[in-house]
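Below: one structure, written as structure tokens.
Predicted model, so just to flag it, every value in this text is computed and none were measured. Heavy-atom basis, side chains included; hydrogens, waters and symmetry copies ignored. Position 1 is the first residue of the sequence; numbering continues from there.
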Amino acid sequence: MTTPLYRRVADILRSEIAAGIYAPGTDLPSERELRERFDASRNTIRQGLQTLVAEGLVISSQGRPYQVRKHDVFTLNASRFENLQWTTAEDGDSYDNEVLQAGRRPHQTFRVQMVPAPAEIAARLWIEPGDTTVLRYCHRFVDDTPWSTQATYYPKWLVDERPRLAEPNDIEEGTTRYLADRDVVQVGMVDEWESRPPTPEESRELEIGAGVSVLVWTRTGYTAERPVRCTISTFRGDLNRIKYEIGDLSALEQKDVH
């Protein structure tokens, strides 16, 4: 079966982008130049370019050439994120710490509100759907680029005992350490990951272009007796890489020896 010409256009341009012929942030040739190169109609070229837009490789805007999307990827070490053994109270919030250690600049806005627990949150927190929870919601940036949103739900019984969780301001040492310092030590985590298309609100908040998915990380934190919080982090799929370190990695210490 013959491959449609617009797909061949997309395949060739995709290969050239991967090979670095068109670097991130640079313009692709004009539609006229591509029509001449591939001996194709305007509609065929546009179909090929829109295929790359849908894949998240190329961006387009009114009156400007198609451009290769920049991918200044940030790597999050999920094994160390919120892990108190890797930080001190002076290091502050886990998000700030991760971004600063990467040589990047963090910024976040947030809000705090009382909300009824959605069914999927209630199931994770061992409470009834509709029970009151405190939601701490962060909109996070790396170098002024939207990076993620984070929605953390705390059951009301916990907030009644640790009221600072409900205050409408940041907790400088981070909520995980704040709770640990008040005898709520999270000794276990359950992580769940999924990839899906963004909702309209997520597209707006994270400035996601066509063809880009989101990575959704749901982490439920447990003390030795019960769950105490559920955090849903939503990341731009094109600008984030997630890293885990599992098991004995002492071999890495020998890397520079060999």
Side-chain angles (χ1 to χ4, degrees), residues 76-100 106-141 147-194 199 201-202 205-206 214-235 240 242 244 246:
L76 172 69
N77 190 327
S79 305
R80 301 191 181 194
F81 194 70
E82 301 178 331
N83 189 330
L84 300 184
Q85 77 178 59
W86 295 104
T87 61
T88 66
E90 289 73 26
D91 290 326
D93 179 78
S94 293
Y95 153 74
D96 285 348
N97 200 40
E98 280 284 326
V99 178
L100 289 169
H107 167 65
Q108 63 180 324
T109 62
F110 70 96
R111 67 177 186 267
V112 180
Q113 60 190 118
M114 306 285 280
V115 298
E120 65 273 15
I121 300 298
R124 291 178 173 88
L125 292 179
W126 300 357
I127 60 178
E128 293 298 318
D131 281 0
T132 300
T133 62
V134 167
L135 168 63
R136 295 183 65 88
Y137 187 89
C138 299
H139 189 192
R140 292 176 160 167
F141 299 77
W147 176 57
S148 71
T149 61
Q150 183 184 78
T152 301
Y153 296 82
Y154 297 95
K156 187 174 184 299
W157 65 261
L158 177 67
V159 180
D160 286 343
E161 298 171 10
R162 281 84 183 172
R164 195 173 163 200
L165 290 171
E167 294 178 2
N169 48 39
D170 198 7
I171 296 177
E172 291 183 5
E173 69 271 31
T175 54
T176 302
R177 187 171 297 280
Y178 165 73
L179 289 173
D181 290 343
R182 286 152 186 82
D183 302 318
V184 183
V185 180
Q186 296 174 60
V187 298
M189 311 282 184
V190 174
D191 282 357
E192 305 166 66
W193 286 93
E194 67 172 318
T199 65
E201 182 179 8
E202 289 166 345
E205 285 197 309
L206 296 175
V214 292
L215 297 172
V216 183
W217 177 18
T218 301
R219 168 170 281 189
T220 306
Y222 292 80
T223 65
E225 294 81 28
R226 55 186 169 179
V228 291
R229 58 95 178 203
C230 181
T231 299
I232 301 176
S233 300
T234 304
F235 301 88
N240 286 279
I242 308 302
Y244 277 89
I246 300 172

Closest heavy-atom pair and its distance - [X], [Y]:
X	Y	answer
C230	L125	N-CD2, 3.8 Å
I242	A78	CG2-CB, 3.9 Å
W126	E225	CZ3-O, 3.6 Å
I127	P155	CG2-CB, 4.4 Å
V159	A166	CG1-CB, 3.7 Å
T133	A117	CG2-CB, 3.7 Å

**Flag, side chain of E161 to backbone of L158, donor-acceptor distance under 3.5 Å** =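 Not confirmed, E161 side chain does not pair with L158 backbone.
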
**Message:** I'd like to know if R164 and E172 make a salt bridge, using a cut-off of under 4.0 Å between side-chain N and carboxylate O.
**Reply:**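 A salt bridge is absent here (no side-chain N lies under 4.0 Å from a carboxylate O).
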
**Prompt:** Thinking salt bridges, do D181 and R177 make one under a 4.0 Å N-O criterion?
**Reply:**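 Looking at R177 together with D181, the answer is no, because their closest N to O distance does not fall below 4.0 Å.
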
To the closest 0.5 Å, what do you measure between [atom1] ([X]) and [atom2] ([Y])?
X	Y	atom1	atom2	result
T223	Q186	OG1	CD	8.5 Å
Q150	T234	CD	OG1	9.5 Å
T218	E194	OG1	CD	6.5 Å

**Request:** Mind running side-chain contact (heavy atoms from CB on, under 4.5 Å) on T175 and R136 for me, showing each step along the way?
**Result:** CA-CA 10 Å; T175 54; R136 295 183 65 88; 3.9 Å; yes

**Message:** Between Y244 and D191, does the side chain to side chain donor-acceptor pair (under 3.5 Å) criterion hold? Intermediate values first, please.
**Reply:** CA-CA 11 Å; Y244 277 89; D191 282 357; 2.8 Å; yes

**Asked** Of all residues at least two apart in sequence or in a different chain, which pass the side-chain hydrogen bond (donor to acceptor under 3.5 Å, both in side chains) check with T152?
**Response**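 Counting only residues at least two positions away or on another chain, T152 forms a side-chain hydrogen bond (donor to acceptor under 3.5 Å, both in side chains) with T231.
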
**Request:** Check the pair V112 / E167 against side-chain contact (heavy atoms from CB on, under 4.5 Å), numbers first and verdict last.
**Result:** CA-CA 7 Å; V112 180; E167 294 178 2; over 6 Å; no

**Request:** Specify whether H107 and F141 have parallel, tilted or perpendicular ring planes, treating 30° as the upper limit for parallel and 60° as the lower limit for perpendicular.
**Result:**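 The arrangement is tilted - the two ring planes meet at 30° to 60°.
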
**Item:** Stacked cation flag R226 on W157, 6.0 angstrom / 45 deg
**Value:**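 Ring-cation test returns yes.
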
Determine whether [X] and [Y] make a side-chain contact, defined as any pair of heavy atoms from C-beta on separated by less than 4.5 Å.
X	Y	value
R140	T149	no
L206	F235	no
W217	I232	no
S148	N240	no
R229	L165	no
Q108	H139	no
Y154	V228	no

**ring pair (Phe, Tyr, Trp, His ring centres under 6.0 Å) against Y153, all qualifying residues, sequence neighbours excluded** =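 If we apply the ring pair (Phe, Tyr, Trp, His ring centres under 6.0 Å) test to Y153, skipping adjacent residues, there are no hits.
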
My understanding is that only residues two or more places apart in sequence, or in another chain, count here; which of them pass salt bridge (charged side-chain N to carboxylate O under 4.0 Å, His left out) with [X]?
X	result
D131	none
R182	none
R124	E192
E205	none

